[in-house]
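Residue indices begin at 1 and follow the sequence shown.
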Amino acid sequence: MGNTESVVVQKRLARFRPEERPVVEGVFDRLQGGGGGPSVAPGKTPAGKTLTLEMLQSCMSSLAPDSMVSRVYQCMCSIDSGLAASAAPGKTSTSAASGVGREQLIIFLADTLRGTAEERAPLVMAMSQRGAGCTVVTCEQVAEFLQDLISAVVQILVHRGRLQGWKPERMGDGSLGVKLLAEQMCSELKPSDQGGYDVSCLEDWIFRVSQVSLYLEMLVAEGLNVSLSGRPAPTLLPPCRETPWKELRCLLDLPTLMFLAPQLPDSYSAPWRLVFSTRLHGESFTRMVTGLTKRGPTLLLIKDTEGHVFGGFASHAWDVKPQFQGDSRCFLFTVFPRLRVYTATGYNQHFMYLNQNQQTMPNGLGMGGQHGYFGLWLDSDFGRGHSRARPKCTTYGSPQLSGNEDFTLDSIEVWAVGKPPEPEEGEEGEGKRSILDVDPEVQAMMEMTGKTLHSQGLREPEEDQEQ
């Protein structure tokens with residue numbers, strides 16, 4: 001154990017719990033189909049005993065595309081076990097023809113499953129280049145790597161039965177979702193001063209974009225069947241309940257869901273439930289309002305006739321009233337043609353607006369901006385809306401979300417995504433509420449005309465439903 005390789009390997013193995021180390025050390029023999037013979041000292045690979053691409057494919061083929069398996073194999077071959085890092089640019093420690101040694105595999109497992117951003121960056125570089133051995137990588141190469149990685153993660157979720165009630169066959173185009181999510185993650189890459197993407201750029205990116213490490217860990221742990229007690233399998237999808245899949249063609253796809261769900265506060269605290277869909281419930285603003293109110297936080301998804309898909313997250317249950325509501329946890333987003341989220345700027349508090357059947361205020365649903373100039377607006381005359389942002393929505397900093405500023409609806413979905421509010425005490429007697437509660441506009445008009453609101457000071461103010 002005095003040689004350089006064994007010291008490097010032992011340092012890597014020290015990251016794992018004592019009960020996990022035999023699992024990690026045993027992967028090499030298992031991939032070779034052996035494991036019954038005498039054990040080999042950690043850090044040493046006997047002559048002629050290496051892993052081939054075919055061995056890796058036989059283990060991972062059902063869980064990852066062949067192109068991703070090839071990337072993993074070439075990355076393992078690039079590891080210099082003496083330096084405990086990826087081989088120096090322009091060199092390869094082991095040729096792909098000679099296979100992967102035991103110490104290279106252990107270093108790869110340690111750095112992908114328990115490594116830092118600094119240690120993972122050379123691996124991502126190698127997988128993006130597919131063994132080219134250059135000092136920089138292009139954004140296009142990283143995007144292609146991400147598409148393979150995300151495809152593998154989706155394949156794992158399907159194969160392992162971790163869909164949480166979602167039905168990919170009744171959802172949107174997953175292959176398009178893969179490309180959109182890869183592009184979104186790539187958009188976070190920051191080039192070096194020279195304009196390219198070197199290892200330090202990748203390190204910074206991996207540190208900031210947690211999905212890279214999360215997806216890579218999942219690929220390696222699941223693809224190579226490395227079951228570690230200290231790291232349970234991540235839950236990438238929220239549970240889905242009470243959704244009539246047989247009649248539905250969902251606007252969401254799995255990669256889009258993997259992106260949107262972590263953006264929500266307490267994203268996995270409650271199952272997602274479909275509460276309105278034009279495909280199921282028809283084109284009715286009143287029916288949509290019924291689906292929105294008293295449901296807790298909701299996610300609104302819209303597709304316009306130009307094919308753009310976008311929407312908004314409402315952090316509070318919607319109330320029908322001529323005032324703005326919600327808080328800074330609300331956001332707007334786009335799904336197609338680009339996957340992006342736009343959060344509150346702090347400029348104003350025009351987060352949510354929902355009004356109906358009143359003559360003096362706009363009737364419809366709005367998020368961000370102002371009356372007549374919303375970041376997202378659906379008119380109560382169902383079928384029409386607008387997204388106005390010149391140059392950006394003041395509330396969310398979002399650009400125009402729709403294909404045209406004034407758009408025509410193709411379809412809408414509303415998902416309840418949080419815990420519904422608790423029924424208020426005595427809510428069954430809601431029919432006895434004062435007209436002043438039911439219609440705040442009437443209250444405002446009475447005050448303007450000098451009418452005395454005798455009951456106003458005699459009643460306890462009602463608690464806000466979302467508090």
Under the 3.5 angstrom rule, does the side chain of Arg21 hit a backbone N or O of Leu13 as a donor-acceptor pair?
yes

To the nearest 0.5 angstrom, please state how far the CD atom of Glu413 sits from the NE2 atom of His281.
10.5 Å

Any side-chain to backbone donor/acceptor pair from Glu20 onto Leu228? Under 3.5 Å, distance only.
no

Nearest 0.5 angstrom please: Leu339 CG to Phe310 CZ, how far?
14.5 Å

Any donor-acceptor N/O pair, Gln129 side chain to Val136 backbone, under 3.5 Å
yes

Leu251 and Ser411 have their tightest heavy-atom pair at CD2-OG, 3.7 Å

Distance-only polar pair, side chains of Thr395 and Asn348, donor-acceptor under 3.5 Å
yes

Greater than 12 external heavy atoms within 6.0 Å of Glu118's CD:
no

How long is the span from the CD1 atom in Ile302 to the CG atom in Leu378, to the nearest 0.5 Å?
4.0 Å

Restricting to non-hydrogen atoms, name the atom on Lys321 and the atom on Tyr353 that form the minimum distance, rounded to 0.1 Å.
O-CE1, 4.3 Å

So, does Glu144 use its side chain to make a donor-acceptor pair with the main chain of Gln141 at under 3.5 Å?
no

Of all pairs that satisfy salt bridge (Lys or Arg N to Asp or Glu O under 4.0 Å), the ones with a partner from residues 51-63, not counting sequence neighbours
none

Answer yes or no: is there a side-chain heavy-atom contact under 4.5 Å between Val309 and Leu301?
yes

Flag side-chain contact, heavy atom, 4.5 Å: Thr345 against Thr394
no

Separation between CG (Leu189) and CG (Asp204), nearest 0.5 Å, reads 8.5 Å

With heavy-atom distances below 4.5 Å as the criterion, would you say the side chains of Val320 and Asn357 are in contact?
no

Under a 3.5 Å distance rule, please check whether Arg120 uses its side chain to pair with a backbone N or O of Leu216 as donor and acceptor.
no

Which pairs, with at least one residue in residues 330-342 and sequence neighbours excluded, count as a salt bridge (Lys or Arg N to Asp or Glu O under 4.0 Å)?
Glu183-Arg340

For residues Met288 and Phe382, determine if any side-chain heavy atom of one lies less than 4.5 Å from a side-chain heavy atom of the other.
yes

Heavy atoms, side chains only, cut-off 4.5 Å: are Leu280 and Leu274 in contact?
yes

How far apart are the C-alpha atoms of Phe259 and Val341, what are their side-chain angles, what is the distance that settles it, and do they pass the side-chain contact (heavy atoms from CB on, under 4.5 Å) test?
CA-CA 10 Å; Phe259 172 72; Val341 162; 3.7 Å; yes

Does a salt bridge link Asp406 with Arg384, judged by any charged N lying under 4.0 Å from a carboxylate O?
no

Would you call Asp148 and Arg71 a salt bridge, taking side-chain N to carboxylate O under 4.0 Å as the test?
yes

side-chain contact (heavy atoms from CB on, under 4.5 Å) evaluation trace for Leu105 with Leu51:
CA-CA 9 Å; Leu105 176 64; Leu51 292 180; 3.8 Å; yes

If every non-hydrogen atom of Gln325 is compared with every non-hydrogen atom of Phe351, which pair is closest and at what distance?
O-CB, 3.4 Å

Of all heavy-atom pairs between Pro255 and Val154, which one has the smallest distance, and what is that distance?
CG-CG2, 4.1 Å

Side chains of Val220 and Phe108: closer than 4.5 Å at any heavy-atom pair?
yes

Looking only at atom types and distance, does a side-chain atom of Asp198 sit under 3.5 Å from a main-chain N or O of Cys201, one as donor and one as acceptor?
yes

Going by the angle between their ring planes, with limits at 30° and 60°, are His386 and Trp377 parallel, tilted or perpendicular?
parallel

Checking Glu119 against Thr116 for the side-chain contact (heavy atoms from CB on, under 4.5 Å) test, could you report, in this order, the C-alpha distance in whole Å, the side-chain angles of both residues, the deciding distance, and whether it holds?
CA-CA 5 Å; Glu119 291 163 335; Thr116 63; 3.4 Å; yes

Find the distance between CE (Met367) and OG (Ser398) and round it off to the nearest 0.5 Å.
9.5 Å

Using every non-hydrogen atom in the two residues, find where Met258 and Leu237 come nearest and quote the distance to one decimal.
CG-CD2, 3.7 Å

To the closest 0.5 Å, what do you measure between OG (Ser402) and CG (Asp304)?
6.0 Å

Under 3.5 Å: donor-acceptor pair, side chain of Arg273, backbone of Pro271
yes

Using the side-chain contact (heavy atoms from CB on, under 4.5 Å) rule, pick out the option among Leu109, Val100, Thr50, Leu53 that qualifies with Met76.
Val100

Assess the side chains of Gln356 and Thr286: does a donor N or O sit below 3.5 Å from an acceptor N or O?
yes

Please list all pairs meeting salt bridge (Lys or Arg N to Asp or Glu O under 4.0 Å) that have one or both residues in residues 275-284, counting only residues at least two apart or in different chains.
none

Phe285 atom CZ: more than 12 heavy-atom contacts under 6.0 Å:
yes

Within the structure provided, determine whether Glu306 and Phe407 are in side-chain contact (heavy-atom separation under 4.5 Å).
no

Is there a donor-acceptor pair closer than 3.5 Å between any side-chain N or O of Ser58 and the backbone N or O of Met55?
yes

Would you say Arg287's side chain and Gly282's backbone share a donor-acceptor pair under 3.5 angstrom?
no

Does the side-chain contact (heavy atoms from CB on, under 4.5 Å) test come out yes or no for Val275 and Leu292, once each step is laid out?
CA-CA 7 Å; Val275 292; Leu292 282 170; 6.0 Å; no

Is there a side-chain contact between Leu113 and Val24 (heavy atoms, below 4.5 Å)?
no

Looking at Trp205 and Cys186, would you say the former's side chain and the latter's main chain have a donor-acceptor pair under 3.5 Å?
no

Might you confirm whether atom CD of Gln349 has over 12 heavy atoms from other residues, nucleotides or ligands at distances under 6.0 Å?
no

Where is the tightest heavy-atom contact between Trp272 and Leu264, given as atom of each residue plus distance?
CZ2-CD1, 3.4 Å

